[in-house]
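Scope of the values below: all heavy atoms of this structure, side chains included, with no hydrogens, waters or symmetry mates. Here, residue 1 is the first one in the sequence, and each next residue gets the next number.
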Amino acid sequence: MLADCESCFGLCCVALPFSASADFAVDKDDGQPCHNLRDDFRCSIHAQLRERGFPGCTVFDCFGAGQKVSQVTYEGRSWREAPDTARQMYAVFPVMRQLHELLWYLAEALTLDATRPLHDTLRLALAETERLTRQSAGVLEKLDVAAHRGEVNELLLRASELARAGLNGKERRGADLIGARLKGAGLRGANLRGAYLIGADLRGADLRQADLIGADLRGADLSGADLTGCIFLTQAQVNAARGDSATRLPARLTRPAHWAQGSNGGSGGSGERRPAGGKRAGRRPRRR
């Protein structure tokens with residue numbers, strides 16, 4: 001569930017669209033290779049993505065879907081080698097990414113002691129999701145991934161409730177907190193699923209054991225904030241925010257390099273060799 005760009009056909013740089021914005025310097029349609037993508041599927045401006053106006057490329061995370069589609073679903077044959085597969089491959093990639101994201105969340109839920117009553121059910125959901133990732137391209141292209149995501153999300157919500165039980169956390173699911181002044185806020189155990197925290201001031205906030213699945217943290221200031229023990233937070237979300245040496249992160253996540261460089265936020269930097277693309281203009285769809 002970790003991206004291996006060396007084993008991918010640059011699918012994120014081709015299959016997904018993006019719009020000219022603070023995250024991307026130009027418009028690009030889905031199925032159109034980014035003009036920075038080289039013939040070897042590497043990015044020609046990887047070392048200067050932020051400076052060249054593509055900070056959004058450093059945030060997107062496929063959760064390992066890129067190499068799964070490239071090496072498993074299509075058995076190592078790229079869209080350049082087999083152009084007749086390109087359209088279908090571009091359609092399969094976003095489906096696979098959603099499945100791999102669910103695998104990430106399910107795997108994390110299984111690490112939580114509080115969710116032990118659900119572990120058998122979580123394992124079944126993980127196994128079923130993994131089975132779906134192994135289906136043929138034709139099956140994946142037509143898969144009702146939204147329905148499967150809905151079923152898994154209900155299970156993840158139950159896991160979240162168990163993990164946050166007894167903390168009396170605030171209920172801010174899907175809340176519009178864009179630019180909110182939350183400096184020093186007590187958000188321990190809060191339900192922030194799908195909340196819009198774009199540009200929010202979260203300096204020194206207590207976010208321990210908070211549920212941050214799908215929360216939009218683009219440009220949010222996490223300087224000095226405590227996120228230890230928070231659940232369903234991904235590296236991409238952290239990369240999209242701002243922070244400093246005093247920001248406390250879950251052990252499974254790493255401190256973005258651009259934090260130390262004093263970046264003014266935007267979309268963060270994951271340190272991956274190649275960029276990844278996705279439509280980042282405006283608000284993201286809510287994940288609840």
Given L222 and R242, is the side chain to side chain contact (heavy atoms under 4.5 Å, CB included) satisfied, shown in steps? CA-CA 6 Å; L222 297 174; R242 294 182 286 164; over 6 Å; no
Take Q237 and T234 through the side-chain hydrogen bond (donor to acceptor under 3.5 Å, both in side chains) test and state the conclusion after the steps. CA-CA 5 Å; Q237 288 170 292; T234 67; 3.3 Å; yes
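With contacts defined as side-chain heavy-atom distances shorter than 4.5 Å, the pair V152/T129 qualifies. Inter-residue side-chain proximity for S160 and I213 is flagged as unmet; no heavy-atom pair is nearer than 4.5 Å. Counting heavy atoms from C-beta outward, V145 and L132 have side chains that stay 4.5 Å or more apart. Counting only heavy atoms from C-beta outward, the side chains of R218 and L197 never approach each other to under 4.5 Å.
Partners of F232 under the ring pair (Phe, Tyr, Trp, His ring centres under 6.0 Å) rule, at least two apart in sequence or in another chain, are Y105. Taking Y90 as the reference, nothing meets the side chain to side chain donor-acceptor pair (under 3.5 Å) condition, with sequence neighbours excluded. In terms of the salt bridge (charged side-chain N to carboxylate O under 4.0 Å, His left out) criterion, E151 has no residue partners (sequence neighbours excluded). With sequence neighbours excluded, the residues satisfying side chain to side chain contact (heavy atoms under 4.5 Å, CB included) with L2 are W104. For T228, the side chain to side chain contact (heavy atoms under 4.5 Å, CB included) test picks out R208, D226, R248, with sequence neighbours left out. Under the rule for a side chain to side chain contact (heavy atoms under 4.5 Å, CB included), the partners of D144 that lie at least two apart in sequence or sit in another chain are A146, A147. Residues that satisfy the side chain to side chain donor-acceptor pair (under 3.5 Å) test with T73, not counting sequence neighbours, are absent from this structure. Q209 meets the side chain to side chain donor-acceptor pair (under 3.5 Å) test with R188; sequence neighbours excluded. Annotation: side chain to side chain contact (heavy atoms under 4.5 Å, CB included) contacts of R181 (sequence neighbours excluded): none. Partners of R116 according to the salt bridge (charged side-chain N to carboxylate O under 4.0 Å, His left out) rule, which considers only residues two or more places apart in sequence or in another chain, are D113. Every residue was checked against the salt bridge (charged side-chain N to carboxylate O under 4.0 Å, His left out) condition with R77, not counting sequence neighbours, and none meets it.
Inspection of the T111 and E108 side chains reveals no N or O donor paired with an N or O acceptor under 3.5 Å. Of the N and O atoms on the side chains of N191 and E171, at least one donor lies less than 3.5 Å from an acceptor on the other residue. Between R193 and N153, the side chains place a donor N or O and an acceptor N or O closer than 3.5 Å (distance only, hydrogens not considered). Between the side chains of D221 and S223, at least one donor N or O lies within less than 3.5 Å of an accepting N or O.
Rounded to the nearest 0.5 Å, atoms CZ (R42) and CG (L37) are 11.5 Å apart. Put simply, CG on L118 and CG on L124 are 11.5 Å apart, with the number rounded to the nearest 0.5 Å.
A 6.0 Å sphere centred on CG of D84 holds more than 12 heavy atoms belonging to other residues, nucleotides or ligands. Heavy atoms of other residues, nucleotides or ligands lying less than 6.0 angstrom from CZ of R164 number more than 12.
The residues E154 and R158 are annotated as not salt-bridged, no charged nitrogen and carboxylate oxygen being separated by less than 4.0 angstrom. In this structure, R131 pairs ionically with E128, as a charged nitrogen and a carboxylate oxygen lie closer than 4.0 Å. A salt bridge links R87 with E141: the closest approach of a Lys/Arg side-chain nitrogen to an acidic carboxylate oxygen falls below 4.0 angstrom.
Each of L140, V95, T133, L11 was evaluated against V69; a single residue qualifies, L11, per the side-chain contact (heavy atoms from CB on, under 4.5 Å) test.
Transitive grouping of hydrophobic side chains (ILVMFWY, heavy atoms separated by less than 4.5 Å) keeps V72 and F93 in distinct clusters.
Note on residues 143-189: no pairs pass ring-ring contact (aromatic ring centres under 6.0 Å, His included), not counting sequence neighbours.
Taking the six-membered ring where tryptophan is involved, the planes of F41 and F9 are tilted, since the angle between them lies from 30° to 60°.
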